[in-house]
Structures are given as structure tokens and as C-alpha cells.
Amino acid sequence: MLADARLGVAKKDSPETVVIDYSSPNLAKEMHVGHLRTTAIGDALNRVLTFLGDKVIPQNHVGDWGTQFGMLLAFLEERKLAGEEPGSALSDLEEFYRRSKARFDESEEFADTARSIVVALQSGDAEYLAAWQQFIDISLSHCQQAYDRLGVLLTREDVHAESAYNDDLAQVVKDLESAELLKEDAGAKVVFLEEFKGRDDKPQVVIIQKKDGGYLYATTDLAAVRHRVRQLKADRSLYVVDARQGDHFKQVFKVAEKAGFVPEHVSLEHIGFGTVNGKDGKPFKTRSGDSIKLTGLLDEAEERAYQLVQQKNPDMDEGELREIARVVGISSIKYADLSKNRNSDYIFDWDLMLSFEGNTAPYLLFAYTRIQSIFAKGKVDPALLEGPIQLLHPKELELGNHLLGFAEVVAKVGERGMPHLLATWLFELAVLIHSFVEACPVLAAETEASKLSRLSLSALTAKCLATGLDLLGIETLEKM
RNA sequence: GCGCCUGUAGCUCAGCUGGAUAGAGUAACUGGCUUCGAACCAGUCGGUCGGGAGUUCGAAUCUCUCCAGGCGCGCCA
């Protein structure tokens, strides 16, 4: 296991093609705290499944289509007519969105204009398309900055926006028609699902095409299902999306299945997750009730980590301090998210996630650096260690036993889409290594054989920690 | 009204595809640095697993029911 770069984790005998839909922000506004979970969890699953040998195709299904963009474009047009410089309006997307939304809510006439612009956009109006493209470019570059800071694998290439399905929508409608699923109801084209009951015991309804001819997100998601199955050849298609959309996906999956979009062997899985709440147990917001922007959150994490790291290392130089604070800050946020069972809501608490005690990123990072410092002190190159490992002391035995579970836990994370299983395992490993280091002198072991064994055991633990954290998308530090 | 999720120690969370005295961390209290990082470790204290009923040799885990909280339900995404 020590000599094995894969640490005993075998590649799957029959690898699958797995499409993972994650992050998928709405480009009409900036990314906020709500995007943290889908991005962190999806990225971890991407890494784990890739490690297990699957072919993973990430899909960043960004929201760049629909009523909101009609709203933004309508507002942009209105501002231009009022003589405002459009460039300045675009510099603060969030503010622009807020003002547009206010207009949309206050004026029925404005709302109608917005909706008609959507229809024009969806049918390819060149002028609107150009203006729309501006929004998208600005917004996407903001997203990419956040991904880079978070150490998330997503790139521009993984973006497959809602708009990309625009040309497929009419075909989806035709397919549903020929499958005899589509019905007319109050002017809209809908599918009734007898499988699920809605209000008044009637079947649930999925709106495919609005009475004004516009399409809704269920239609886009159906087109996406087809695309993922047919073009991307998905065996598994994962949707890392807020649990509140559970009903929506249940419906879309059912319609897709009935329409024959999904071959027998393909599984569509909604990887749902709970809400991020503040300390009061209510959704995490600013004092004024706005959603918390992701970039601001990352800034704060780094700043708080900086204060802590500086306290522990008053003599360290500024550059190193900043770098360590960056890793500690970002890791803490990601780990706090990934270490919890995704099904439940969780409480976002700065003090708990940045603590050096308990199931936190700093504690795990410290365990790793503690081992590294033993190697440094003993002038040992851990890469050259190859055992043999003998488990004589009870602490050695516990540690050794735990290490053997690595392959199993990684496989489980892949099957169930539950990164917290790996996080828990890593935390347990960190506890055991700390305990081992206290109880068993490594460099000052009684015999040469014991010293070699303990060094090897430490090296293996360090490799598992580093590999495990990397699978969660978390960087390690040599020193902190 | 229908449906989904959650309820485990003061707090934050595991465990929930059934298995032994329900586990961590934190807080509170003890103890341990001339010895590999005390950013640590060892220990004490702390629980009607929301309530009740059922299935089972065995239930935090499965079923039913009630309670509490959150969320979702026809032209937003």
C-alpha cells in the first residue's frame, strides 16, 4: 500500500461515463453562498469518480436564458433611452439586477416587455443577442475567478449553458407529442404525471411550453437529459442541485423516462443538499437580508485565517503568512461544507470551521504538517520509505487498521455521492496519527526496525491524508 | 390539501441499505511540555436518539401515527 501511488484503491473493472451537473450559477447575478455546496460537492465527486477510473464529464449548466435576461435587457434598453451609459450599468451586475428586479415587480407593463424580449431572444434576434452576450461574458469571468480561488476544476470548457439547448427545445416538444404525452391545458402544453399526485388529488403537471410560446426550465432540463445520454454517452448523470428542487427532478426524470430519452442502463440521480444557515438557524444572509456574495465570503475566510495564523507564527514573513492563510481559509470553508451529510441543512459558523480542534480543515492540515516536521527533523525522505511496517503498539495497530479502510471509503463516496464519508474517515485518521505520535516515539524508537516501521507508517498516513484531502479538492501545506 | 426533508449530549455534528454498554468535537472539570509542533494528547462529566405504537431474537436505523421546524407544489429558475 505504501509503495502504491493509488494507496490500494483499484480502478473500476467497468468504468462508466458519468456526467456531473454542478455549480450551475445563474449568470444574471453574482455567485453567492448558495453556490458553495453544489460547487464543493460536485467538484469532490468529480475528483473521486475520476480517481476510481470513471470518465467524468462536468457540466456547468449556467442559467443564461429565460425571463430574468428579458428583464435585464428590458431594463438596459430603458436606461439607454433615459440617456444612461450602458457600460457603467454592467460594471456592477448585482446592483443592475436589483434595480431591474424592482422595475419588474412594480410594473406589469415592464414585465410584459421583458417577457416579449425573452421570446425575441429565443428566436434569435441579433440585437438582443449581442447585448445578452455582454452580460454573459462579464458574468462568466466572475465565476471563473471564483473557481480558480476555490481550486475547483471547472473551466470555460465545462460550461454548457441553458441557451445551448435552445435549438433542441422544439424537438423535445415534438418528441413528447409523438410519445403522446403532451396535452393542452389553459393554452399551455403540459405533461400530466399520473405517478405523482398534485393538488386536489389530480396528477401533477409539468409545463413544457407556455401559452406565449416560451419554454421553461423543465423543457431545458429534458433537452439536457437527451444531450447527456445521446451526445455525452452518459451511463450515470448526476445533478448536484439544492434539495428543494427534488420534485422538479423527479418530474423531469419521469417525463424523460416515459418519452424514451433514458435507456435502461442509464441512471439519473439528483444529488440534493440542504441549505446553508446562519447561527440563528435561518438562511445565511447579510444583516440587510441580502444573499452573501461568494467572493466576499472567501475574502473574509482568508482574513480570519490570517489573523489566526499570525497569532501562532508571529515571526513568519508576510508572504508566507498570506499563502498559509489562503490555504487555511479556503480549505476551512470547503471542508466545513464537505464534512457534513449533504442531506441536511448546516450552520455556517466561522469560529467552528476555523478552529484547530475538532473535525475541521485546520486540524487535518495540522496533522499532515506534524508528520512532515518529523521527516524534516529526522532528515528523512518519506518517498524512500518502503517498510516493513510492524504493528506492535496498540496505537500502531489502530492506525494500521484504519488505513486499510481507505479504498472502501473512497468507493463508497463514489457510489453514494457522499463526500462527508471521506471527510469523516480523514478526521478519524488525523485523530489516530496524533495519538500515535504522542504515544510512540518515531525518531527515538527503541530499535532500528521499529523506527523504520514507524516512519513508514507515518509516511503512509501522510500520503492518505494528502490524497484524501486532494480528492475533496483541498490543498495541503508542508508547514503552518 | 398533497408531497419532500429534518428532529441524536448545553452547542456543532457522525451513526440511519437493523446487530452488542448510542459515538465524536466543543463547552465544564482533571492531568500531561528539559523528549519528533501543547495548533497536541490522556481522562471525568454530560443523552427519555422529538412522543407513542408496531415488525423483529434484536430498532437511533424499518412501518404506522402524532408533535415541532424547514422546504416544494400551472405558465420564474
Side-chain angles (χ1 to χ4, degrees), chain A residues 24 26 28 61 63 65-71 104 111 114-115 118 162 185-190 192 196-202 204-218 220-221 241-248 250-251 272-275 277 279 281-283 308-309 311-313 328 336 339-341 343-349 351-353 355-360 362-363 365-367 369-378 380 395 415-416 420-421 423-424 427-428 430-431 433-445 451 454-455 458 479-480:
Chain A
S24 307
N26 178 348
H61 187 80
W65 218 222
T67 311
Q68 304 173 76
F69 287 88
M71 179 182 92
F104 189 82
R115 278 187 276 263
V118 177
E162 287 178 348
D185 193 82
K189 292 183 177 169
V190 306
F192 287 106
F196 309 118
K197 280 182 186 165
R199 284 192 175 136
D200 307 323
D201 232 24
K202 285 193 288 198
Q204 278 187 14
V205 65
V206 182
I207 299 179
I208 302 297
Q209 191 167 22
K210 298 191 283 183
K211 64 185 172 201
D212 67 4
Y215 300 100
L216 281 86
Y217 76 141
T220 309
D221 276 334
V241 182
D242 193 316
R244 283 176 292 194
Q245 294 198 38
D247 284 347
H248 164 70
K250 224 178 264 177
Q251 293 176 352
F273 54 82
T275 317
N277 290 333
K279 271 180 145 175
K282 293 183 188 137
L308 289 169
V309 175
Q311 240 172 40
K312 303 287 184 187
N313 305 282
V328 170
S339 62
K340 278 152 191 115
N341 187 322
N343 287 318
S344 34
D345 297 347
Y346 80 91
I347 293 183
F348 191 96
D349 184 331
D351 296 327
L352 288 181
M353 73 178 72
S355 167
F356 290 93
E357 290 155 1
N359 190 4
T360 63
Y363 180 84
L365 294 177
F366 173 60
T369 60
R370 196 175 183 187
I371 300 169
Q372 297 312 311
S373 93
I374 291 176
F375 294 140
K377 179 102 175 187
V380 175
K395 293 293 182 189
E415 280 164 34
R416 294 169 42 181
H420 83 286
L421 298 173
T424 303
F427 170 62
E428 287 163 352
V431 169
I433 188 67
H434 275 307
S435 181
F436 159 81
V437 167
E438 296 281 338
C440 305
V442 176
L443 298 174
K451 178 176 169 183
R454 288 176 178 177
L455 278 169
S458 302
K479 169 173 156 181
M480 66 187 277

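All values reported here derive from a predicted model rather than from experimental measurement. Letters go in sequence order (proteins before strands), and every chain restarts at 1. Both backbone and side-chain heavy atoms feed into the values below; hydrogens, waters and symmetry mates do not.
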Chemist: Using side-chain hydrogen bond (donor to acceptor under 3.5 Å, both in side chains) as the criterion, list what pairs up with A:H420, not counting sequence neighbours.
Modeler: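 Per chain and number, A:H420 pairs via side-chain hydrogen bond (donor to acceptor under 3.5 Å, both in side chains) with no residue.
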Chemist: For the C1' atoms, the ones on B:C62 and on B:G25, what distance do you get once it is rounded to whole angstrom?
Modeler: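 Their C1' atoms lie roughly 30 Å apart.
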Chemist: If you define the side chain from C-beta out and look only at heavy atoms, does anything of A:I374 sit under 4.5 Å from A:L443?
Modeler: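 Counting from C-beta outward, A:I374 and A:L443 do come under 4.5 Å.
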Chemist: Please tell me if the side chains of A:F196 and A:D247 come closer than 4.5 Å, counting only heavy atoms from C-beta onward.
Modeler: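 No. Closest side-chain heavy atoms not under 4.5 Å.
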Chemist: Name the nucleic acid region contacted by A:R416, choosing base, sugar-phosphate or nothing; use a 4.0 angstrom heavy-atom cut-off, strictly under.
Modeler: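 Base contact.
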Chemist: Can you tell me the pairing partner of B:C36 across any strand shown, Watson-Crick or G-U wobble, with both distances under 3.5 angstrom?
Modeler: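 The base-pairing partner of B:C36, which may sit in any strand shown, does not exist here.
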Chemist: Going 5' to 3' along nucleotides 21-27 of chain B, which nucleotides have protein heavy atoms under 4.0 Å from the base (write B), which only from the sugar-phosphate (write S), and which from neither (write -)?
Modeler: ---SSS-
Chemist: For a 4.5 angstrom cut-off between non-hydrogen side-chain atoms, does A:R370 reach A:I433?
Modeler: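 Not in contact.
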Chemist: Within the structure shown, what part of the strands sits under 4.0 Å from A:V206 by heavy-atom distance: base, sugar-phosphate, or nothing?
Modeler: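 Counting heavy atoms under 4.0 Å across all strands, no contact is made by A:V206.
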Chemist: With both distances kept under 3.5 Å, what pairs with B:C73, Watson-Crick or G-U wobble?
Modeler: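 Pair assignment: B:C73 / B:G1.
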Chemist: Go ahead and name the base partner of B:C13; Watson-Crick or wobble counts if both distances stay under 3.5 Å, otherwise write none.
Modeler: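 Across all strands, the one nucleotide that pairs with B:C13 is B:G23.
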Chemist: Is the closest side-chain heavy-atom distance between A:L216 and A:K210 below 4.5 Å?
Modeler: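 Counting from C-beta outward, A:L216 and A:K210 do come under 4.5 Å.
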Chemist: At under 4.0 Å between heavy atoms, what does A:N313 touch on the DNA or RNA strands: base, sugar-phosphate, or nothing?
Modeler: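 A:N313: base contact, heavy atoms under 4.0 Å.
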Chemist: Start at the 5' end of RNA chain B and walk down; is the nucleotide closest to A:K395 or to A:F375 reached first?
Modeler: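 Final value for this comparison: A:F375.
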Chemist: Let me know the distance between CD1 of A:I347 and C1' of B:G10, rounded to the nearest Å.
Modeler: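 Distance, rounded to whole Å: 14 Å.
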Chemist: Suppose we screen for salt bridge (charged side-chain N to carboxylate O under 4.0 Å, His left out). Which residues come up paired with A:E357, at least two apart in sequence or across chains?
Modeler: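 Listed in chain order: nothing, the list is empty.
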Chemist: Say we look at B:G32 and B:A14: how far apart would their C1' atoms be, to the nearest angstrom?
Modeler: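 These two C1' atoms come out 29 Å apart once rounded.
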Chemist: side-chain hydrogen bond (donor to acceptor under 3.5 Å, both in side chains) with A:Y363: which residues, sequence neighbours excluded?
Modeler: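 side-chain hydrogen bond (donor to acceptor under 3.5 Å, both in side chains) check on A:Y363 returns nothing, list empty.
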Chemist: Could you give the OH-to-P distance, from A:Y363 to B:A38, as a whole number of Å?
Modeler: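 Atom OH in A:Y363 sits about 12 Å away from atom P in B:A38.
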Chemist: Could you work out the separation of B:C76 and B:U63 based on their P atoms and round it to a whole Å?
Modeler: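 Between the two P atoms, the distance is 37 Å.
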Chemist: Using purine N1 to pyrimidine N3 plus N6-O4 or O6-N4 for Watson-Crick, or N1-O2 and O6-N3 for G-U wobble, each under 3.5 Å, what pairs with B:C64?
Modeler: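 For B:C64, the partner nucleotide comes out as B:G52, under the 3.5 Å rule.
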Chemist: Send over the distance from A:I374 CD1 to B:C40 C1', rounded to a whole Å.
Modeler: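 From A:I374 CD1 to B:C40 C1': 12 Å.
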Chemist: I need the CE-P distance between A:M353 and B:C13, as an integer number of Å.
Modeler: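 From A:M353 CE to B:C13 P: 10 Å.
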Chemist: Which comes earlier along RNA chain B counting from the 5' end, the contact point of A:A439 or that of A:S344, where each point is its nearest nucleotide?
Modeler: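 Its nucleotide being nearer the 5' end, the pick is A:S344.
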Chemist: Given atom NZ of A:K340 and atom C1' of B:A14, what is their separation to the nearest angstrom?
Modeler: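 Result: 11 Å.
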Chemist: Go through the structure and list residues passing side chain to side chain contact (heavy atoms under 4.5 Å, CB included) with A:E162, not counting sequence neighbours.
Modeler: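 In terms of side chain to side chain contact (heavy atoms under 4.5 Å, CB included), with neighbours along the sequence ignored, A:E162 is linked to A:H61, A:D64, A:W65, A:T220.
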Chemist: Between B:C40, B:A42, B:G15, which one does the side chain of A:R370 approach most closely?
Modeler: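 Of the candidates, B:C40 comes closest.
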Chemist: Considering only B:C41, B:C4, B:U17, which nucleotide approaches the side chain of A:K250 most closely?
Modeler: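 Nearest to the side-chain atoms of A:K250, counting from C-beta on, is B:C4.
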Chemist: For A:Q245, which residues count as a side-chain hydrogen bond (donor to acceptor under 3.5 Å, both in side chains) partner, sequence neighbours excluded?
Modeler: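 Residues passing side-chain hydrogen bond (donor to acceptor under 3.5 Å, both in side chains) with A:Q245: none at all.
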Chemist: Scan A:Y346 against the nucleic acid and name what it touches under 4.0 Å (heavy atoms): base, sugar-phosphate only, or nothing.
Modeler: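 Touches sugar-phosphate only.
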Chemist: Can you tell me the pairing partner of B:C29 across any strand shown, Watson-Crick or G-U wobble, with both distances under 3.5 angstrom?
Modeler: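 Pair assignment: B:C29 / B:G43.
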Chemist: Could you tell me which residues satisfy side-chain hydrogen bond (donor to acceptor under 3.5 Å, both in side chains) with A:D242, sequence neighbours excluded, listed by chain and number?
Modeler: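 So A:D242 forms a side-chain hydrogen bond (donor to acceptor under 3.5 Å, both in side chains) with A:R244.
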Chemist: Spell out protein contact along nucleotides 67-77 of chain B as letters: B when the base is contacted, S when just the sugar-phosphate is, - when no protein heavy atom is under 4.0 Å; keep the 5' to 3' order.
Modeler: ----SBBBBSB
Chemist: Suppose you measure atom C1' in B:C29 against the same atom in B:G69; what distance do you get, rounded to whole Å?
Modeler: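 B:C29 and B:G69 have their C1' atoms separated by 34 Å.
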Chemist: With heavy atoms under 4.0 Å as the rule, sort A:T369 into base, sugar-phosphate or nothing.
Modeler: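 Base contact - A:T369 has a heavy atom under 4.0 Å of at least one base atom.
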Chemist: Please report the distance separating the C1' of B:G19 from the corresponding atom of B:G10, rounded so that it comes out in whole Å.
Modeler: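 Here B:G19 and B:G10 have their C1' atoms 31 Å from each other.
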Chemist: Using a cut-off of less than 4.0 Å, is there contact between a side-chain N or O of A:H420 and OP1 or OP2 of B:G15?
Modeler: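 Answer is yes, contact under 4.0 Å.
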Chemist: When the C1' atoms of B:U8 and B:C49 are compared, how many Å lie between them, rounded to an integer?
Modeler: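 B:C49 and B:U8 have their C1' atoms separated by 4 Å.
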Chemist: B:C41 P sits how many Å from A:I371 CD1, rounded?
Modeler: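 After rounding, the reported distance stands at 13 Å.
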Chemist: Rounded to the nearest Å, what distance is computed from the CZ atom of residue A:F436 to the P atom of nucleotide B:C40?
Modeler: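 Roughly 19 Å, once rounded to whole Å.
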Chemist: Considering only atom P, compute the distance from B:C11 to B:C36 and round it to an integer number of Å.
Modeler: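 Their P atoms lie roughly 39 Å apart.
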Chemist: At what distance, to the nearest 0.5 angstrom, does OG of A:S458 lie from CZ of A:F375?
Modeler: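 Taking OG in A:S458 and CZ in A:F375, the distance rounds to 5.0 Å.
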Chemist: List in chain and number order the residues that pass salt bridge (charged side-chain N to carboxylate O under 4.0 Å, His left out) with A:D349, two or more places apart in sequence or in another chain; answer none if no residue qualifies.
Modeler: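 For A:D349 the salt bridge (charged side-chain N to carboxylate O under 4.0 Å, His left out) partners, ignoring immediate neighbours, are A:K279.
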Chemist: Rounded to whole angstroms, how far apart are CG on A:D242 and P on B:C5?
Modeler: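 For the pair A:D242 CG and B:C5 P, the rounded distance is 14 Å.
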Chemist: For nucleotides B:U56 and B:A20, find the distance between their C1' atoms and express it as a whole number of Å.
Modeler: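 B:U56 and B:A20 have their C1' atoms separated by 16 Å.
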